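First the structure, in the form of structure tokens, and then the observations on it.
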Amino acid sequence: LSSSSTGSMGVKQFTAIINAPQACILAVGGADVKVVPDGKGGFTTKSVMVVSLSSDHRVVDGMIAAQFLKSFKKYMENPLLLLLSAP
């Protein structure tokens, strides 16, 4: 797995291209402040970051890639879990 980040250049979202012999590359865009529902009938602001995963499906099953992104999202939203998670 490789990663590519252009957030420091003001890019919010992009699609990274896999370079051989890699099987996946994670594209990480910059964070942006968005207005979102707060769950109480109102609104609040949150930082939102767009990531996308390009995978070679000859090597990586799409379900495995989706599970990786689900875990990545969980840890980005709750970084303390990185310290509390057992191996």
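The analysis underlying the following values was restricted to heavy atoms, covering all of them including side chains, and did not include hydrogens, waters or symmetry mates. Since this is a predicted model, take the numbers as computed values, not measurements.
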Quick one: [atom1] on [X] to [atom2] on [Y], what's the gap to the nearest 0.5 Å?
X: M76; Y: L82; atom1: CE; atom2: CG; answer: 6.0 Å
X: L26; Y: F72; atom1: CG; atom2: CZ; answer: 5.0 Å
X: E77; Y: S47; atom1: CD; atom2: OG; answer: 12.0 Å
X: I25; Y: I17; atom1: CD1; atom2: CD1; answer: 9.0 Å
X: L80; Y: Y75; atom1: CG; atom2: OH; answer: 11.5 Å

- Query: Counting only N and O atoms by type, is there a donor-acceptor contact under 3.5 Å from the side chain of D56 to the main-chain atoms of R58?
  - Reply: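 At least one qualifying donor-acceptor pair exists.
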- D38: salt bridge (Lys or Arg N to Asp or Glu O under 4.0 Å) partners, not counting sequence neighbours: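 So D38 forms no salt bridge (Lys or Arg N to Asp or Glu O under 4.0 Å) with any residue.
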- Item | Pairing residues for K46 by the salt bridge (Lys or Arg N to Asp or Glu O under 4.0 Å) criterion, not counting sequence neighbours |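 Checked K46 against salt bridge (Lys or Arg N to Asp or Glu O under 4.0 Å); zero matches.
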Closest contact, heavy atoms only, [X] versus [Y]:
X: K34; Y: V48; value: CG-CG2, 3.6 Å
X: I18; Y: S55; value: CD1-C, 3.5 Å
X: T15; Y: S52; value: CA-OG, 4.1 Å
X: V28; Y: M49; value: CG1-SD, 3.6 Å

- Below 4.5 Å, heavy atoms only, C-beta onward: do T44 and V36 meet side chain to side chain?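 The answer is yes; the side chains approach within 4.5 Å.
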- Task: Count the heavy atoms of every other residue, nucleotide or ligand shown that sit under 6.0 Å from CD of Q13, and state whether that count exceeds 12.
- Result: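 Counting other residues, nucleotides and ligands, CD of Q13 stays at 12 neighbours or fewer.
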- Residue pair V51, L69: steps toward the side-chain contact (heavy atoms from CB on, under 4.5 Å) verdict: CA-CA 9 Å; V51 301; L69 283 176; 4.3 Å; yes
